[in-house]
Structures are given as structure tokens and as C-alpha cells.
Amino acid sequence: MDSKKSGFNTICTHIGEIEDQQFKGAISPIYLSTSYAFEDVDIKRYPRYFNTPNQEALCKKIAALEKGESSLIFGSGMAAISTSLFAFLQKGDHIVLQRTLYGGTANLVNEEFGKHGIEYSYVDSQTAEGFEEKIKSNTKVIYIETPSNPLLTITDIEAIASLARKRGIITMIDNTFASPVNQNPIEMGIDIVIHSATKYLGGHSDILAGAVISTKEHMDRIFQVAKNFGGSLSDFTVWMLERSIKTLGLRVKRQNKNALKLAKWLEKMDDIAAVYYPGLKTHPDHELAKKQMNGFGGMLSFELQEDLDASLFQKELKLIKSSMSLAGVESTILSPTLTSHALLTEEERNAQGIRDGLLRFSVGIEDKEDLMQDILQALKKIKALALQD
Ligand SMILES: *Cc1c(COP(=O)(O)O)cnc(C)c1O
């Protein structure tokens with residue numbers, strides 16, 4: 001089957017599948033061997049070489065979803081991110097990164113790069129000019145993440161890609177929040193696309209994995225480092241991930257729809273002080289999001305009015321679960337101040353626009369009426385409690 005001629009959902013369902021020649025089963029068989037006979041001198045199959053039958057099959061699907069030539073899957077999103085960064089950076093090199101990064105990525109940079117003599121600069125403004133100002137003669141990589149966590153700010157992918165191309169700098173994007181359903185950065189000129197497959201690709205809160213997609217040439221360079229770092233994914237999980245991706249298009253489209261409806265509904269409510277969602281006309285980056293995204297995603301954030309207690313509200317929710325992670329079929333919510341951004345000082349959080357009452361909402365596939373009902377009953381409870389005080 002030709003992935004270039006197939007629609008998104010057909011790629012999700014079929015590309016890369018392994019034919020069960022023995023029993024003619026409907027799905028890819030799973031091969032758990034860690035030991036394979038030599039096919040010839042060059043081909044040694046071994047899970048840490050990223051070339052078991054199930055790994056190779058899934059990589060074809062993921063490359064097709066992101067319209068890249070080649071891909072690798074890793075044991076976690078952080079394994080994918082760290083391996084990709086270390087493949088393109090060495091002692092004396094410099095990287096320019098967006099300030100609003102996933103916490104684990106920021107920790108990797110802040111805690112490890114210094115030890116290896118890699119220089120880094122963060123960009124606060126998120127405009128192409130902001131990135132350009134930080135470029136130095138030894139800059140090798142520009143790294144972005146859009147939409148960002150937790151305020152869903154949008155970085156101009158095409159502008160960054162073209163700026164980097166002119167200077168011969170490699171671009172990397174963390175495309176986790178958008179998923180391949182809503183954003184395909186390779187088509188916009190980005191060199192390397194990274195996913196925490198733990199999130200939308202997995203989608204059921206039961207898989208930890210990562211993925212990198214790029215040209216064959218770049219992926220070969222990443223592979224040379226990957227086999228040394230050893231962050232490959234177990235074949236059982238590879239097989240589960242293949243199964244999960246079959247419904248990626250269906251899930252995320254539904255999450256887009258739910259999130260847009262809920263964002264518009266929350267925005268009109270008196271008890272809500274602010275809603276952050278790139279699909280809202282009031283979002284400062286709405287036009288840019290419309291230009292570079294096919295859908296606005298399932299992530300949104302909101303603030304309650306100041307006199308309402310966000311922690312109490314979170315506890316009173318019944319259907320929407322408090323959870324550290326995101327992007328499952330079930331709706332989850334967290335306070336960035338208490339969890340993902342707890343290590344920042346209040347000043348640093350305020351500088352990024354993250355107020356204490358902010359809640360990050362990962363919208364699931366449930367019926368939106370039930371999600372709304374849950375929010376309404378929790379608001380009613382905390383307002384009644386506030387009156388008693
Ligand atoms: C979760 C996440 C990661 C890290 O992925 P793990 O699978 O937890 O290692 C990286 N980037 C983003 C945007 C994430 O949400």
C-alpha cells in the first residue's frame with residue numbers, strides 16, 4: 001500500500017502492518033524474540049538496534065503519519081528527545097530553545113548540557129525575530145514546542161524553519177500537543193519532529209513511548225546515537241502502540257471538537273476568568289494557529305475567578321480526573337503550579353503567565369454534556385462552601 005496515496009485514517013489502520021502469513025489473522029503478529037539468525041553480515045536484528053519486525057512495521061506507520069521518510073520509536077518521549085539532541089550537539093555547540101518547554105526537556109537542558117559543554121539560550125518572545133537574536137556562530141539546533149504547555153501559545157513554524165534553513169541550522173519540534181492529526185511540521189520545513197507517544201499516539205494512558213521522524217539521512221545520524229544510548233521500546237509495547245494508533249484520527253478529531261465546544265462554553269461563564277485555547281478568536285495566536293494547524297487540539301487551560309478555590313474545584317470534579325499526564329481518551333485536569341511547574345519559583349511562573357489558579361484540562365472523548373455537567377456541579381459545590389465560610 002502506498003502511504004502517499006492513502007488518507008490519514010487509512011495510514012492509521014493499515015500502513016506498515018505485518019501480514020500474518022501463517023494463520024491469516026487480521027492484525028500484525030507480535031514477535032518478541034531478542035535473538036534472530038543472521039540474515040547476512042549487515043543485518044543483525046536486535047531490539048536495541050531498533051529493527052525487530054514490529055519496530056520496523058510501526059516506524060513505517062509513524063513516518064507516514066508525519067509525512068517523513070523515516071522514523072524511530074523509543075522507550076519514552078524523553079529518550080526520543082535526549083537522543084535527538086545529543087545526535088546533533090557536541091561540546092562547543094550552541095542551541096536556541098523556546099522558553100516554554102515541557103518540564104522534562106527543560107530539566108535535560110539545564111541539568112545535563114553544562115556537563116557536556118553544550119551552550120544554550122532560551123527565547124522568551126517566541127517570534128522569529130526573538131529566535132534570530134539568540135543565534136550565534138556556533139548555533140547548531142533550534143528547538144520549538146507548539147502549542148506550548150500549559151498556556152497553548154503558538155510558535156510560527158514556517159518562519160522558524162525558514163530562518164534556520166538560511167543559516168544551515170537544524171530545526172526540531174516537539175509535536176506532542178498537536179499530534180500528527182493537527183499539525184505536520186515537516187511539510188512546513190522543519191527537519192526533525194519528535195513525539196511523546198505516551199500522549200496522543202498512545203491515547204489510552206497505558207503506554208510510555210517516544211517517536212522521532214525525519215529524513216533517512218538525519219534518522220541514520222540519530223540511530224547511531226540511539227543504539228549507544230539504548231532507549232529502545234519493548235516489542236510488546238510497540239505492538240500496543242500500533243494498535244492504539246489505529247484510532248488516532250478518530251480520537252483526536254473528537255477531542256478537537258469537544259475542546260473547542262468546551263472552550264467556547266467556558267469563555268462565556270461568569271465564574272471563569274480566562275480560557276486559553278488556540279481555537280478561540282480571543283486567543284492572541286488564533287490566526288497563526290489557523291494557518292499552521294488542521295485542528296486546534298484537545299488541550300486547553302482556564303482560570304477560575306479569583307474568589308473561587310481552584311484546588312477545591314479540582315477535588316469536587318467527579319468525571320474529570322486529576323492526573324499528571326494528558327491526551328488519554330478520558331478527560332483529566334491538573335494545576336500546573338502544584339505539578340508540572342512546581343519547580344519554578346512563583347516569579348518565574350508569573351513571568352510565563354502561569355497564575356496559581358490556572359487549571360490545565362486534557363479533554364477526552366466523553367460526551368461534552370457530561371463534562372459540562374461535571375464542571376457545573378463542582379462550581380456549585382465550591383460556591384456553596386464559600387458562602388458557609
Ligand atoms: C510528556 C511529554 C514529554 C515527555 O514524554 P515522556 O513519554 O513522559 O518521556 C515531552 N514533551 C511533551 C510536550 C510532553 O507532554
Side-chain angles (χ1 to χ4, degrees), residues 58 62 66 71-86 95 97-112 122 126 141 143-155 157 172-183 185 190 192-213 222 226 229-234 237-238 240-241 244-245 248 251-252 255 259 276 278 293 296-301 323-328 332-336 339-343 352 354 360-364:
L58 179 56
I62 292 179
E66 278 293 11
S71 87
L72 286 176
I73 30 176
F74 291 82
S76 69
M78 283 314 302
I81 291 168
S82 57
T83 306
S84 302
L85 286 170
F86 279 103
I95 176 172
L97 307 112
Q98 183 173 318
R99 171 79 66 191
T100 46
L101 287 179
Y102 173 72
T105 310
N107 291 346
L108 170 75
V109 171
N110 300 339
E111 294 172 17
E112 306 299 334
Y122 288 108
Q126 260 173 261
V141 176
Y143 187 101
I144 61 173
E145 186 177 321
T146 178
S148 74
N149 180 23
L151 293 176
L152 293 312
T153 58
I154 307 294
T155 308
I157 298 174
M172 296 186 190
I173 185 170
D174 184 331
N175 205 34
T176 301
F177 266 39
S179 91
V181 181
N182 292 326
Q183 192 166 277
I190 292 287
I192 295 164
V193 175
I194 308 177
H195 283 278
S196 167
T198 312
K199 314 296 164 50
Y200 287 106
L201 297 181
H204 296 73
S205 308
D206 55 8
I207 286 172
L208 188 81
V212 183
I213 307 95
I222 292 169
F229 280 6
S232 56
L233 187 63
S234 96
T237 316
V238 168
M240 284 187 48
L241 186 53
S244 297
I245 293 177
L248 174 69
R251 283 187 276 111
V252 174
Q255 285 165 309
Y276 303 89
M293 300 181 80
F296 301 111
M299 300 300 299
L300 65 91
S301 290
S323 159
M324 233 350 235
S325 204
L326 61 108
T332 60
I333 198 159
L334 65 68
S335 151
T339 58
S340 55
H341 293 67
L343 293 178
Q352 292 190 23
I354 301 167
R360 190 195 73 187
F361 186 7
S362 169
V363 181

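Bear in mind the structure is a predicted one, so any value in this text is a computation, not a measurement. All ligand and atom numbering here is 1-based and tracks the order in the structure.
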Engineer: Is any side-chain heavy atom of S325 less than 4.5 Å from a side-chain heavy atom of T332?
Structural biologist: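 Result no, sub-4.5 Å side-chain heavy-atom pair not found.
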
Engineer: Kindly indicate whether the side chain of F296, heavy atoms from C-beta on, has any atom under 4.5 Å from the side chain of L152.
Structural biologist: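 No, side chains not in contact.
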
Engineer: Any protein N/O atoms within less than 3.5 Å of an N/O atom in ligand 1? List the atom names and distances, or say none.
Structural biologist:
from     : atom 1 : to   : atom 2 : distance (Å)
ligand 1 : 5 (O)  : S196 : OG     : 2.9
ligand 1 : 7 (O)  : G77  : N      : 2.9
ligand 1 : 7 (O)  : S196 : OG     : 2.9
ligand 1 : 7 (O)  : T198 : OG1    : 2.6
ligand 1 : 9 (O)  : G77  : N      : 3.0
ligand 1 : 9 (O)  : M78  : N      : 2.8
ligand 1 : 11 (N) : D174 : OD2    : 2.6
ligand 1 : 15 (O) : K199 : NZ     : 2.7

Engineer: Does Y122 have any side chain to side chain donor-acceptor pair (under 3.5 Å) partners at least two apart in sequence or in another chain, and if so, which?
Structural biologist: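 N110.
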
Engineer: Have S71 and E66 got a donor and an acceptor in their side chains that come within less than 3.5 Å?
Structural biologist: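 No, because no side-chain N or O of S71 sits under 3.5 Å from a partner of the opposite role on E66.
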
Engineer: Could you check whether T105 and E145, counting side-chain N and O atoms only, form a donor-acceptor pair closer than 3.5 Å?
Structural biologist: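 There is no such pair between these side chains.
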
Engineer: Any side-chain heavy atom of L108 sitting closer than 4.5 Å to one from F86?
Structural biologist: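 Of all side-chain heavy-atom pairs linking F86 with L108, at least one is under 4.5 Å.
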
